[in-house]
Amino acid sequence: MSKVYFVASGKGGTGKTMFACNLGASYAQKGYRVVIVDMDMGQRNLDLYMGLENNVVFDVYDVMTGVCPIRQALIRDRRFQSLYMIGSSPVRDRGDLTPLHMQILCEKLKESFDYIIIDAPSGIDDSMVLASAGADAAIIVSTPEYAALRDADSLDTELIRMGVRNRYLVLNKLVAELMTEGVLPKLRDIIVMMRPKLIGVIQFDQNINISTNLGIPIVLKENTYISRNFANIRDRLIESEPGLQCMGEEDK
(Lines give C-alpha, C1' and ligand atoms only; values in the text may rest on other atoms or scores of the structure.)
Protein backbone atom coordinates (compact mmCIF):
# COMPACT_ATOMS: atom_id res chain seq x y z
CA MET A 1 0.00 0.00 0.00
CA SER A 2 1.44 3.37 -1.04
CA LYS A 3 1.69 6.41 1.22
CA VAL A 4 1.09 10.11 0.58
CA TYR A 5 3.01 12.50 2.84
CA PHE A 6 1.96 16.14 2.99
CA VAL A 7 5.00 18.28 3.95
CA ALA A 8 3.85 21.63 5.34
CA SER A 9 4.93 24.55 7.49
CA GLY A 10 3.15 27.26 9.43
CA LYS A 11 5.34 29.99 7.93
CA GLY A 12 7.90 30.45 5.19
CA GLY A 13 11.63 29.97 5.66
CA THR A 14 11.54 26.79 7.73
CA GLY A 15 13.22 24.58 5.11
CA LYS A 16 10.09 22.69 4.09
CA THR A 17 11.07 22.25 0.42
CA MET A 18 14.61 21.23 1.34
CA PHE A 19 13.17 18.61 3.67
CA ALA A 20 10.68 17.27 1.09
CA CYS A 21 13.44 17.02 -1.52
CA ASN A 22 15.85 15.12 0.72
CA LEU A 23 13.23 12.88 2.33
CA GLY A 24 12.15 11.75 -1.12
CA ALA A 25 15.76 11.20 -2.16
CA SER A 26 16.42 9.21 1.00
CA TYR A 27 13.47 6.90 0.29
CA ALA A 28 14.76 6.44 -3.27
CA GLN A 29 18.20 5.49 -1.94
CA LYS A 30 16.52 2.63 -0.08
CA GLY A 31 14.97 1.33 -3.30
CA TYR A 32 11.46 2.77 -3.08
CA ARG A 33 9.74 4.36 -6.05
CA VAL A 34 9.17 8.00 -5.09
CA VAL A 35 7.60 11.07 -6.66
CA ILE A 36 7.78 14.55 -5.13
CA VAL A 37 4.99 16.89 -6.22
CA ASP A 38 5.47 20.65 -5.94
CA MET A 39 2.11 22.16 -4.95
CA ASP A 40 3.47 25.60 -4.03
CA MET A 41 1.94 27.22 -7.09
CA GLY A 42 3.32 30.63 -7.92
CA GLN A 43 6.30 30.25 -5.57
CA ARG A 44 7.78 26.98 -6.79
CA ASN A 45 11.32 26.03 -5.78
CA LEU A 46 11.43 22.23 -5.77
CA ASP A 47 12.78 22.07 -9.32
CA LEU A 48 15.65 24.40 -8.35
CA TYR A 49 16.48 22.44 -5.19
CA MET A 50 16.66 19.24 -7.24
CA GLY A 51 18.57 20.84 -10.12
CA LEU A 52 15.84 19.92 -12.61
CA GLU A 53 14.53 23.39 -13.51
CA ASN A 54 15.52 23.02 -17.17
CA ASN A 55 13.51 19.79 -17.51
CA VAL A 56 10.08 21.16 -16.60
CA VAL A 57 7.75 21.31 -19.61
CA PHE A 58 4.40 20.30 -18.11
CA ASP A 59 3.50 20.93 -14.47
CA VAL A 60 1.04 19.72 -11.86
CA TYR A 61 -1.56 22.28 -12.94
CA ASP A 62 -1.40 20.89 -16.49
CA VAL A 63 -1.98 17.39 -15.13
CA MET A 64 -4.94 18.28 -12.92
CA THR A 65 -6.65 20.32 -15.64
CA GLY A 66 -6.22 17.60 -18.26
CA VAL A 67 -3.71 19.40 -20.48
CA CYS A 68 -1.38 16.39 -20.30
CA PRO A 69 -1.25 12.89 -18.77
CA ILE A 70 0.77 12.29 -15.61
CA ARG A 71 3.61 10.55 -17.47
CA GLN A 72 4.36 13.71 -19.48
CA ALA A 73 4.80 15.79 -16.33
CA LEU A 74 6.99 13.23 -14.53
CA ILE A 75 10.68 14.22 -14.48
CA ARG A 76 13.17 11.54 -13.50
CA ASP A 77 16.17 12.42 -11.34
CA ARG A 78 18.77 10.14 -12.93
CA ARG A 79 21.11 10.43 -9.96
CA PHE A 80 18.74 7.99 -8.23
CA GLN A 81 17.29 4.70 -9.38
CA SER A 82 13.64 5.60 -8.80
CA LEU A 83 13.10 9.27 -7.94
CA TYR A 84 10.72 11.50 -9.91
CA MET A 85 9.39 15.02 -9.62
CA ILE A 86 6.33 16.89 -10.87
CA GLY A 87 6.97 20.62 -11.03
CA SER A 88 4.57 23.35 -9.97
CA SER A 89 2.84 26.02 -12.00
CA PRO A 90 4.62 29.40 -12.21
CA VAL A 91 1.28 31.10 -11.48
CA ARG A 92 -1.01 30.72 -8.50
CA ASP A 93 -4.05 28.45 -8.67
CA ARG A 94 -6.72 30.33 -10.56
CA GLY A 95 -9.44 28.83 -8.39
CA ASP A 96 -10.51 26.17 -10.87
CA LEU A 97 -8.87 23.34 -8.93
CA THR A 98 -10.68 21.52 -6.12
CA PRO A 99 -9.56 19.02 -3.45
CA LEU A 100 -11.14 16.31 -5.62
CA HIS A 101 -8.59 17.05 -8.36
CA MET A 102 -5.81 16.45 -5.83
CA GLN A 103 -7.38 13.29 -4.44
CA ILE A 104 -7.65 11.81 -7.93
CA LEU A 105 -4.03 12.74 -8.70
CA CYS A 106 -2.82 11.03 -5.49
CA GLU A 107 -4.82 7.89 -6.23
CA LYS A 108 -3.38 7.73 -9.74
CA LEU A 109 0.19 8.21 -8.45
CA LYS A 110 -0.32 5.45 -5.88
CA GLU A 111 -0.66 3.00 -8.75
CA SER A 112 2.99 3.56 -9.71
CA PHE A 113 4.81 4.83 -6.62
CA ASP A 114 5.51 3.67 -3.07
CA TYR A 115 5.72 7.21 -1.74
CA ILE A 116 4.13 10.43 -2.92
CA ILE A 117 5.58 13.46 -1.15
CA ILE A 118 3.63 16.70 -1.50
CA ASP A 119 5.63 19.90 -1.07
CA ALA A 120 2.84 22.20 0.12
CA PRO A 121 2.64 25.99 0.27
CA SER A 122 3.48 27.47 3.67
CA GLY A 123 0.81 28.91 5.95
CA ILE A 124 -2.90 28.22 6.21
CA ASP A 125 -5.10 29.08 3.23
CA ASP A 126 -7.08 27.49 0.40
CA SER A 127 -3.85 26.41 -1.33
CA MET A 128 -2.88 24.40 1.74
CA VAL A 129 -6.32 22.77 1.84
CA LEU A 130 -5.99 21.85 -1.85
CA ALA A 131 -2.48 20.42 -1.43
CA SER A 132 -3.45 18.31 1.59
CA ALA A 133 -6.35 16.52 -0.14
CA GLY A 134 -5.47 12.87 -0.59
CA ALA A 135 -2.72 12.89 2.06
CA ASP A 136 -2.37 9.93 4.43
CA ALA A 137 -0.17 11.82 6.90
CA ALA A 138 1.33 15.27 7.43
CA ILE A 139 4.88 16.27 8.30
CA ILE A 140 5.13 19.76 9.77
CA VAL A 141 8.56 21.37 9.36
CA SER A 142 9.36 24.15 11.83
CA THR A 143 12.37 25.96 13.18
CA PRO A 144 12.79 25.91 16.99
CA GLU A 145 11.69 29.53 17.43
CA TYR A 146 8.61 30.67 19.30
CA ALA A 147 7.00 32.42 16.31
CA ALA A 148 7.56 29.43 14.00
CA LEU A 149 6.30 26.99 16.64
CA ARG A 150 3.18 29.08 17.21
CA ASP A 151 2.44 29.07 13.48
CA ALA A 152 3.17 25.34 13.32
CA ASP A 153 0.70 24.77 16.15
CA SER A 154 -1.95 26.80 14.31
CA LEU A 155 -1.33 24.68 11.20
CA ASP A 156 -1.61 21.53 13.29
CA THR A 157 -4.95 22.71 14.69
CA GLU A 158 -6.23 23.20 11.14
CA LEU A 159 -4.99 19.75 10.09
CA ILE A 160 -6.83 18.21 13.04
CA ARG A 161 -9.98 20.07 12.00
CA MET A 162 -9.53 18.67 8.48
CA GLY A 163 -9.32 15.13 9.84
CA VAL A 164 -5.58 14.46 9.32
CA ARG A 165 -4.91 12.03 12.14
CA ASN A 166 -1.27 11.10 11.53
CA ARG A 167 0.92 14.15 12.01
CA TYR A 168 4.66 14.41 12.61
CA LEU A 169 7.03 17.25 13.51
CA VAL A 170 10.54 17.94 12.21
CA LEU A 171 12.68 20.70 13.73
CA ASN A 172 15.05 22.30 11.24
CA LYS A 173 17.91 24.82 11.53
CA LEU A 174 18.53 23.99 15.18
CA VAL A 175 21.51 25.73 16.79
CA ALA A 176 22.39 23.68 19.88
CA GLU A 177 24.39 26.46 21.53
CA LEU A 178 21.43 28.86 21.44
CA MET A 179 19.19 26.19 22.91
CA THR A 180 21.70 25.51 25.69
CA GLU A 181 21.93 29.25 26.46
CA GLY A 182 18.15 29.47 26.73
CA VAL A 183 17.71 31.72 23.69
CA LEU A 184 15.63 29.01 22.01
CA PRO A 185 13.09 26.78 23.77
CA LYS A 186 14.56 23.51 24.95
CA LEU A 187 13.75 20.29 23.14
CA ARG A 188 11.75 18.82 26.01
CA ASP A 189 9.63 21.99 26.19
CA ILE A 190 8.90 21.79 22.45
CA ILE A 191 7.84 18.15 22.80
CA VAL A 192 5.39 19.15 25.53
CA MET A 193 4.21 22.21 23.58
CA MET A 194 3.51 20.48 20.24
CA ARG A 195 0.97 17.70 19.63
CA PRO A 196 2.55 15.97 16.58
CA LYS A 197 5.19 13.34 17.27
CA LEU A 198 8.75 14.66 16.90
CA ILE A 199 10.52 12.39 14.40
CA GLY A 200 13.71 14.30 13.73
CA VAL A 201 15.95 17.30 14.38
CA ILE A 202 18.17 18.83 11.70
CA GLN A 203 20.95 21.10 12.89
CA PHE A 204 21.77 24.33 11.10
CA ASP A 205 24.52 23.63 8.57
CA GLN A 206 25.74 25.86 5.74
CA ASN A 207 26.28 22.75 3.60
CA ILE A 208 22.50 22.44 3.34
CA ASN A 209 22.27 25.98 1.95
CA ILE A 210 25.06 25.21 -0.50
CA SER A 211 23.35 22.00 -1.67
CA THR A 212 20.02 23.70 -2.35
CA ASN A 213 21.69 26.49 -4.31
CA LEU A 214 23.59 23.93 -6.40
CA GLY A 215 20.48 21.78 -6.96
CA ILE A 216 22.05 18.74 -5.28
CA PRO A 217 20.12 16.87 -2.54
CA ILE A 218 22.35 16.84 0.54
CA VAL A 219 21.75 13.09 1.07
CA LEU A 220 23.85 12.40 -2.04
CA LYS A 221 26.84 13.16 0.18
CA GLU A 222 26.83 9.76 1.85
CA ASN A 223 28.38 8.85 5.23
CA THR A 224 27.82 12.31 6.66
CA TYR A 225 25.85 13.08 9.80
CA ILE A 226 23.24 14.94 7.70
CA SER A 227 22.59 11.99 5.36
CA ARG A 228 22.42 9.66 8.38
CA ASN A 229 19.99 12.08 10.01
CA PHE A 230 17.64 11.93 7.03
CA ALA A 231 18.00 8.14 6.92
CA ASN A 232 16.96 7.98 10.59
CA ILE A 233 13.89 10.14 9.92
CA ARG A 234 13.00 7.98 6.92
CA ASP A 235 13.39 4.78 8.93
CA ARG A 236 11.23 6.11 11.78
CA LEU A 237 8.48 6.85 9.27
CA ILE A 238 8.85 3.38 7.74
CA GLU A 239 8.53 1.81 11.20
CA SER A 240 5.28 3.71 11.71
CA GLU A 241 3.71 2.20 8.57
CA PRO A 242 3.95 -1.61 8.80
CA GLY A 243 2.95 -3.61 5.77
CA LEU A 244 4.11 -1.18 3.08
CA GLN A 245 5.89 -3.21 0.42
CA CYS A 246 8.49 -1.71 -1.86
CA MET A 247 7.28 -1.77 -5.48
CA GLY A 248 10.90 -1.86 -6.57
CA GLU A 249 11.24 -5.26 -4.90
CA GLU A 250 8.24 -6.58 -6.82
CA ASP A 251 9.86 -5.53 -10.10
CA LYS A 252 13.06 -7.47 -9.45
Side-chain angles (χ1 to χ4, degrees), residues 3-27 29-30 32 34 36 115-124 128 131-132 135-205 207-208 212 217-219 224-242 244:
K3 192 90 171 182
V4 179
Y5 279 114
F6 169 70
V7 180
S9 62
K11 64 188 294 292
T14 64
K16 165 184 58 63
T17 299
M18 178 281 298
F19 176 80
C21 168
N22 282 283
L23 178 65
S26 184
Y27 272 117
Q29 286 177 323
K30 202 172 176 66
Y32 291 99
V34 184
I36 312 173
Y115 288 98
I116 299 96
I117 297 174
I118 309 298
D119 181 24
S122 58
I124 305 171
M128 185 276 292
S132 66
D136 299 306
I139 302 173
I140 300 174
V141 180
S142 177
T143 53
E145 301 162 343
Y146 287 109
L149 290 168
R150 174 189 284 179
D151 289 344
D153 185 58
S154 297
L155 171 61
D156 184 53
T157 299
E158 183 64 16
L159 290 173
I160 293 173
R161 188 192 68 79
M162 293 164 55
V164 181
R165 295 181 59 187
N166 298 318
R167 305 174 323 281
Y168 304 96
L169 175 67
V170 169
L171 292 177
N172 188 31
K173 301 182 182 180
L174 185 143
V175 180
E177 293 81 2
L178 296 180
M179 190 169 279
T180 302
E181 293 171 5
V183 177
L184 299 175
K186 298 193 182 307
L187 208 55
R188 62 175 177 271
D189 296 330
I190 295 174
I191 293 172
V192 172
M193 183 190 315
M194 302 297 293
R195 286 163 294 196
K197 179 181 179 181
L198 180 65
I199 57 163
V201 174
I202 302 169
Q203 295 187 45
F204 175 81
D205 192 312
N207 287 307
I208 295 178
T212 55
I218 192 73
V219 297
T224 64
Y225 83 92
I226 299 177
S227 63
R228 289 193 296 270
N229 202 351
F230 272 99
N232 289 336
I233 294 172
R234 175 203 66 204
D235 291 343
R236 290 181 195 120
L237 288 169
I238 291 174
E239 289 170 6
S240 71
E241 38 192 55
L244 181 61

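All residue numbers in this chain count up from 1 along the given sequence. Remember, predicted model here, so these are calculated numbers, not experimental data. Just so you know, these numbers use all the heavy atoms, side chains as well, and skip hydrogens, waters and symmetry mates.
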Item to complete: Under the side-chain contact (heavy atoms from CB on, under 4.5 Å) rule, collect the residues that match up with N207, sequence neighbours excluded.
Response: D205, I210, I218

Discussion item. Can you list everything that forms a salt bridge (charged side-chain N to carboxylate O under 4.0 Å, His left out) with R188? Sequence neighbours excluded, please.
Written reply: none

Name the atoms and distances for all side-chain donor-acceptor pairs under 3.5 Å in residues 171-179, with sequence neighbours left out.
| unit_1 | atom_1 | unit_2 | atom_2 | d |
| --- | --- | --- | --- | --- |
| N172 | ND2 | T14 | O | 2.8 |
| K173 | NZ | G13 | O | 2.7 |

Response to the item:
Sorted by chain and number, sequence neighbours left out, salt bridge (charged side-chain N to carboxylate O under 4.0 Å, His left out) with E158 holds for R161

Worksheet item: Just how far is it from atom CG of D235 to atom CZ of F230, taken to the nearest 0.5 Å?
Response: 13.0 Å

Worksheet item: Is there a donor-acceptor pair under 3.5 Å between the side chain of K16 and the backbone N or O of A120?
Response: yes

Response to the item:
For P144 and L184 the tightest heavy-atom approach is O-CD2, 3.4 Å

Practice prompt. Return the orientation label for the Y115 and Y27 ring planes: parallel under 30°, perpendicular over 60°, tilted otherwise.
Written response: parallel

Worksheet item: Which heavy atom of N166 sits nearest a heavy atom of D136, and at what distance?
Response: ND2-O, 3.8 Å

Worksheet item: Do V192 and D189 pass the side-chain contact (heavy atoms from CB on, under 4.5 Å) test, and can you show the C-alpha distance, the side-chain angles, and the key distance before you say yes or no?
Response: CA-CA 5 Å; V192 172; D189 296 330; 5.7 Å; no

Practice prompt. Kindly say whether D153 contributes a backbone atom to a donor-acceptor pair with the side chain of T157 at under 3.5 angstrom?
Written response: yes

Item to complete: Find out whether N22 and I208 are in side-chain contact, i.e. whether some heavy atom of one side chain is under 4.5 Å from a heavy atom of the other.
Response: no

Worksheet item: Who are the ring pair (Phe, Tyr, Trp, His ring centres under 6.0 Å) partners of Y168, not counting sequence neighbours?
Response: none

Discussion item. Quick check: closest heavy atoms across L149 and P185, and the distance to 0.1 Å?
Written reply: CD1-CG, 3.8 Å

Discussion item. If you compare all heavy atoms of F204 against all heavy atoms of Y225, which two are closest, and at what distance to 0.1 Å?
Written reply: O-OH, 4.5 Å

Worksheet item: Can you tell me how far CG of L155 sits from OG of S142, rounded to the nearest 0.5 angstrom?
Response: 9.5 Å

Fill in: With T224 via side-chain contact (heavy atoms from CB on, under 4.5 Å) - residues at least two apart
K221, I226, S227

Worksheet item: Taking atom OG of S26 and atom CD1 of I238, what is their separation to the nearest 0.5 Å?
Response: 8.0 Å

Worksheet item: With sequence neighbours excluded, what pairs up with T143 under the side-chain hydrogen bond (donor to acceptor under 3.5 Å, both in side chains) test?
Response: E145

Worksheet entry | Separation of R150 CZ from K11 NZ (nearest 0.5 Å) | 12.0 Å

Worksheet item: Nearest heavy-atom pair of A137 and K3: which atoms, and what distance?
Response: CB-CE, 4.3 Å

Item to complete: Identify, with sequence neighbours excluded, every residue that meets side-chain hydrogen bond (donor to acceptor under 3.5 Å, both in side chains) alongside S9.
Response: none

Practice prompt. Check whether any side-chain heavy atom of I140 lies under 4.5 Å from a side-chain heavy atom of M194, and answer yes or no.
Written response: no

Worksheet item: For P121 and A131, which heavy atoms make the closest approach, and how far apart are they?
Response: CD-CB, 3.9 Å

Practice prompt. Taking salt bridge (charged side-chain N to carboxylate O under 4.0 Å, His left out) as the test, write out the residues that go with D156, two or more places apart.
Written response: R167, R195

Worksheet entry | All ring pair (Phe, Tyr, Trp, His ring centres under 6.0 Å) counterparts of F6, not counting sequence neighbours | none

Discussion item. Once side-chain contact (heavy atoms from CB on, under 4.5 Å) is applied, do any residues pair with R236, and if so which ones, sequence neighbours excluded?
Written reply: N232, I233

Worksheet entry | Minimum side-chain heavy-atom gap V141-M18 below 4.5 Å | no

Response to the item:
Interatomic distance, CD1@I116 vs OH@Y5, rounded to 0.5 Å, equals 11.0 Å

Item to complete: Using the side-chain contact (heavy atoms from CB on, under 4.5 Å) rule, take L23 and L237 through it: C-alpha gap first, then chi angles, then the decisive distance, then the call.
Response: CA-CA 10 Å; L23 178 65; L237 288 169; 4.1 Å; yes

Fill in: Exceeds 12 heavy-atom contacts within 6.0 angstrom, atom NZ of K197
no

